[in-house]
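Keep in mind that this is a model prediction, so the values were computed, not measured.
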Amino acid sequence: MKFVWKYVVILALLAVAPFFVLPPFLTHIGVMIGIYTTLALSMNLMLRIGQISFAHGAFMGLGAYGSALMMMRLDLPFTVAFLAAALGVALLALLVGSLFLRIRGVYFVLLTFAFGEIIVLTFIEWVSLFGGSGGLPGVPPPSLFGYAIGSREGFYLLSLGLAAFAFALVRTIYGTELGAVITSLDEDEALTRSLGIDSRRYRLLTFCVSAFLAGMGGALYGHYLTLVTPEDYGFWVPVNLVMMNVIGGIAQPIGAVLGALLLVPLPELLRDAKQYQMLLYGIVLILFLLFMPDGMHGLFSKLKGHLARRELSR
Amino acid sequence: MEFALQIVVNGLMSSLVYILMALGFTLIFGIMRVVNFAHGEMYMIAAFLVYALVGSLGWNYYLVVVLSALALGVFGAILERALFRPFVGRELQGMIMALAVSITLQAVAFILFGPNDLSVPRPITGVFDVGPMVIPRDRVAVGASALVVLLAFYVFMRYTKTGLAMRAVVQDEDIASIYGVRPKIIHPLAFGIGAMLAGFAGALMAPIYTIHPYMGAQPMLKAFIVVILGGLGSVPGAVLGGIILGLLESLFATLVNTTVATMVCFGIVVLILLFKPTGLLAR
Amino acid sequence: MAQTEVLKIGVVSALTGPGSEWGLAQDGAIKIAAREVNAKGGLKVGDKTYRIEVISYDDQYKAAMAVSGATRLIEQDKVKFIFGPMGSAALLAVKPLYEKNKTIAVIGAYTEKALDKDTKYSYRGFPTQTEFAGPIVKWLRSHYPNLKTVAEFEPNDETGWASQRLLKGDYQAAGFEIVSSELVERNVKDFQPVLTRVLALKPDIIELGTTPPGTSGLIVRQAREMGFKGQFVKLGGPGVPQIVAAAGKDFAAGLISYAAADTTTKAYKELEAKYAEVLKPPMNEFTVYFYDMARMLLEAIQRAGTVDDTDKVRAEFEKLSPYSGIQGQVRWGGMDHYGSNHQIITPVFVGIVKNGEQTIAGQIE
Amino acid sequence: MNDVVLEVATLTKAFGGVNAISNLSFETRRGEILGVIGPNGSGKTTLFNVITGVLPASAGKVRFCGEAITGLSTDTISQRGLIRTFQSATVFKNETVYENIRRGSMFGCIGKPSWFFRPGVVANGKRTAKETVAELLEFSGLSDLATRIAGTLPYGKQKMLGVVIALARRPLQLLMDEPAAGLNPTETVAMGELVTQIRDKREIDVVLVEHDMKMVTAVCDRILALNYGKAIAIDIPERIVRHPEVIDAYLGVDHE
């Protein structure tokens with residue numbers, strides 16, 4: 001387990017960063033990177049079973065609305081609301097998953113896209129619960145072990161913790177037999193089933209874990225922004241998450257982290273070139289898709305000499 | 001329900017435009033297996049061409065409609081050749097590329113034309129009063145031209161050699177290529193024709209509503225619903241899907257509101273994908 | 001020349017996408033004021049002279065972008081004075097930042113929740129319907145006695161709801177009858193279905209409220225084509241040029257709208273010329289309000305003799321009322337509605353569209 | 001009766017009125033290699049897919065080691081020990097040969113996701129996997145290819161690997177779908193020897209559906225001949241080859 005130490009050291013360095021090194025605004029970006037790493041990792045799970053879900057924006061939204069509403073209306077403590085919201089999303093994934101996961105390929109993408117849009121439109125239409133297009137302002141700040149986390153550094157640590165948890169979770173999943181099963185599901189489902197694997201259950205399990213992470217990412221995002229509005233959870237969220245994985249490299253969970261590290265700050269860094277922001281974003285993605293199908297991680301491993309185990313050629 | 005007739009008429013008029021968009025979308029998917037999320041941007045580019053050529057340079061509107069459609073046809077072929085060729089058959093990568101193209105085209109339009117809603121002087125104004133119903137003349141003109149384009153497309157697909165080749169590729173590319181159909185030709189052609197159809201829709205609708213860089217999103221969404229209703233890759237399906245969506249949307253938008261109308265349409269899409277993924281007119 | 005320092009003023013507002021006409025009005029206004037002051041050698045504050053530098057970030061009318069823009073201004077650029085945001089949702093998300101960091105902000109946004117008794121550092125730089133709707137509706141009642149029923153159209157968001165509630169109250173108070181209140185999604189362009197239902201109720205007036213100008217033009221055109229002969233009124237976010245462009249000159253004729261400025265005056269034309277030097281025309285009428293606010297703020301900073309102590313500046317800022325704006329007296333108010341005098345009260349005009357141009361038919365207050 | 005392994009009783013499978021299999025009954029005994037032959041469209045593949053749970057049966061029963069498996073899902077049937085191989089070489093193309101075989105062994109132990117709550121399962125799974133892989137590499141002669149990526153192997157070797165993966169699952173009975181398909185003559189002979197060794201050295205019964213008569217007659221103890229979904233005959237190879245109906249239906253008419 002030598003490499004675990006490598007991660008613990010990096011984590012410690014990152015945790016200390018905002019207090020000494022990072023200027024406040026970069027701490028803000030740090031929080032966003034933490035949240036989007038969690039979300040990118042949740043999409044990495046779906047990419048691994050070859051079923052891109054476009055409902056992940058809505059799952060993120062349900063996490064945000066759930067956690068906020070449970071704190072604001074049922075005044076549950078943050079930890080309870082946060083976890084209950086994420087579990088709620090996972091439960092929803094369980095319910096719809098058994099129906100949806102039978103569908104494969106592009107049809108699954110279109111199905112989850114339609115399902116996600118219905119949820120977002122419900123946020124807009126069901127004004128009494130979700131507050132309509134304006135959403136829910138005044139989302140209370142999280143509080144852990146009794147003291148409220150209001151400061152940006154506090155959020156930074158929370159977000160870093162969430163990202164670390166997500167990375168550890170996905171990493172262990174891929175590390176253990178479960179990883180081998182999930183990967184085989186997409187590589188050759190018929191062979192995997194013929195060896196005795198109940199592929200439906202494993203797909204459902206992956207979908208629920210992925211939805212759980214998306215719910216948590218959404219919940220923290222809502223508390224951080226102190227505002228939950230439907231427009232933040234639409235169709236572009238899963239698109240961005242897929243791009244982060246494509247650019248970072250789908251083969252390994254670290255790819256999702258690299259993708260988040262690169263893409264989250266992009267709009268902020270290009271802030272001054274307002275219109276050119278999206279242009280560069282689009283062109284960067286096109287170039288990556290054409291010339292580096294395995295993303296940056298693929299590039300790094302090529303540079304390190306050993307061929308990336310998996311081409312994106314599946 | 002005294003305006004039942006008005007609802008039907010409103011619905012049919014929007015159906016024709018939806019069908020035009022859906023045909024392009026389903027052709028590209030049928031042949032290239034690519035869900036073309038950049039389809040809405042073809043519509044948008046054509047609208048901006050109308051704005052630039054008719055609005056600023058004052059060319060004849062009808063000439064510009066044809067010109068912009070052809071321009072989009074060429075642009076579509078070039079797009080396929082340059083960006084989509086490596087992804088033929090690989091649906092997910094193709095889709096992601098389409099998303100990237102969509103972002104880029106929106107950004108370019110934004111830089112060139114800015115964010116605000118622009119308008120184009122309307123070639124046709126006024127209304128037909130038919131009994132209790134009111135039918136805007138320009139919408140009828142758009143409907144008629146869309147019908148003409150649809151018929152031309154149908155004839156092309158049914159009676160020309162290339163049309164036959166395309167339909168063969170939709171069924172099975174490998175077998176088609178055995179019979180001498182060259183995918184290297186058919187793919188850019190399909191993408192081009194798909195983009196041209198969207199271009200037609202965009203140019204025809206440009207004066208009706210306002211023109212802005214993000215105008216492509218809604219029509220693409222509608223084409224997407226229509227194609228799924230009818231069945232991905234199925235041409236008659238796109239026509240049936242277009243009519244269903246147009247009528248349904250008009251009904252709910254009138255009686256309730258547009259949000260609920262869209263929700264109902266998406267609800268049907270979910271049901272169809274779950275229980276009949278190949279759509280109503282399964283191939 | 002005394003060694004000049006830099007006074008940074010921030011802008012976080014919708015500079016692209018929907019609602020950007022009003023965001024750019026804020027951005028343009030402070031940039032014009034800054035250019036004028038810098039041309040005269042800079043702002044003398046205490047013993048130093050400051051060159052004004054404007055840093056503007058685009059929030060695309062989205063709350064999340066507004067928060068990150070404001071955070072960057074306050075914490076990275078160390079800005080103490082900010083203009084914007086315009087969107088109600090964006091404002092509600094950002095206001096806690098302003099109050100916590102003691103940043104003086106000249107805000108837009110129609111929602112009544114923007115100002116309350118313990119708002120210290122946020123000031124609303126333009127009148128909202130609470131201020132101008134009532135008087136204009138009364139003006140309408142007296143000049144057009146035969147109009148009885150009203151149908152309301154508003155965008156389906158925070159801004160739209162607040163406006164719908166307020167206008168309903170004002171219209172009913174003035175004796176009008178509200179026959180229908182429609183909420184329309186921002187991206188809807190085809191109003192034929194909803195107009196089919198509304199026109200069947202035979203409204204005399206269609207009130208467009210805070211519907212964005214481009215969309216308002218479409219509603220006007222489609223309603224006229226469907227045989228609506230009645231009166232269009234727009235008591236919210238001005239933008240007559242866009243409405244006329246979308247609806248066409250003849251359909252838009254007669255539209256009565258709340259006008260932020262008399263666009264025929266020499267002062268307005270001069271401002272338009274200055275605007276063209278900082279941003280791409282056309283200039284939105286709101287620029288007038290925020291230009292007055294920008295000059296007022298700079299003067300308050302000068303009087304307070306400090307660029308850091310925002311409490312001192314705040315005190316001076318509130319003392320400057322009444323202040324002679326380029327269209328007449330402006331003063332602070334709003335205590336009875338909001339519990340604090342952070343709402344600017346300005347002269348307001350009633351505009352009528354005649355062959356594509358907006359003419360002023362009346363002035364209020 | 002206890003040595004009956006696979007029992008098919010009055011099995012019928014109809015596709016819209018057409019009976020691909022009609023009223024078929026047969027059984028296999030322990031330690032036996034049963035061949036199933038028949039011309040195209042005789043119902044061989046349909047039979048294969050019904051037994052492995054890919055297709056639901058229209059009527060009749062399939063029993064494995066005495067328990068009914070009709071209607072069960074493919075993975076449940078596989079859990080019972082009835083493992084199939086595929087007609088085309090089906091391997092995890094992007095994984096090494098070693099990993100392919102390891103997965104065969106591991107997936108056998110974990111099956112359902114509930115293995116999370118039985119920590120021991122994975123531990124001993126890993127232990128047995130290590131031994132199984134080593135032993136199978138030796139048995140199949142693929143040891144020197146262990147680190148190669150499966151997708152890069154020649155077709156014959158990939159097909160061999162497919163069989164070895166199934167063996168890693170420690171099956172009770174192996175159901176082989178045209179093992180000789182796509183192989184050249186030398187590879188077919190090697191495959192035949194492998195099947196015989198599977199029965200002799202590893203006491204695994206085999207049912208193989210096959211076209212290649214040379215292989216079938218050489219390897220199988222008994223052969224079931226099908227035509228239009230019905231059983232024409234079930235007998236030892238020598239007699240089947242001379243059975244008139246089988247010759248008519250399948251081998252072409254050349255009565256001596």
For B/Phe37 and B/Phe224, take the angle between the two ring planes, folded into 0 to 90°, and tell me which bin it lands in: parallel under 30, tilted 30 to 60, perpendicular over 60.
tilted

Turns out that what part of C/Gln222 lies under 4.5 Å from chain B's heavy atoms comes down to side chain

B/Phe29: ring-ring contact (aromatic ring centres under 6.0 Å, His included) partners, not counting sequence neighbours:
none

Can you check ring pair (Phe, Tyr, Trp, His ring centres under 6.0 Å) on C/Tyr110 and C/Phe126, steps first, answer last?
CA-CA 9 Å; C/Tyr110 272 117; C/Phe126 73 139; 5.4 Å; yes

Which one wins on heavy-atom pair count under 4.5 Å against chain B: C/Leu195, C/Val188, C/Asp190, C/Asn156?
C/Asp190

When C/Arg224, C/Arg221, C/Gln242, C/Met226 are compared by non-hydrogen pairs under 4.5 Å with chain B, the top option
C/Arg221

Residue part contacting chain C, namely of B/Val256, when any heavy atom lies under 4.5 Å:
backbone

Segment of B/Pro207 engaging chain C (4.5 angstrom heavy-atom cut-off):
backbone

Mark yes or no for whether C/Glu272, through its side chain, and C/Met283, through its backbone, hold a donor-acceptor pair below 3.5 Å.
no

Using a strict threshold of under 4.0 Å (side-chain N to carboxylate O), is an ion pair present between C/Glu277 and C/Lys31?
no

With respect to chain B, which residue among C/Lys280, C/Glu182, C/Glu185 yields the maximal number of heavy-atom pairs within a distance under 4.5 Å?
C/Glu185

Given heavy-atom pairs under 4.5 angstrom as the criterion, report whether the side chain, backbone, both or neither of B/Arg137 touches chain C.
neither

Is it the side chain or the backbone of B/Thr210 that comes within 4.5 Å of chain C heavy atoms, both, or neither?
both

Quick one: list whatever passes side-chain hydrogen bond (donor to acceptor under 3.5 Å, both in side chains) with B/Asp138, sequence neighbours left out.
B/Arg122

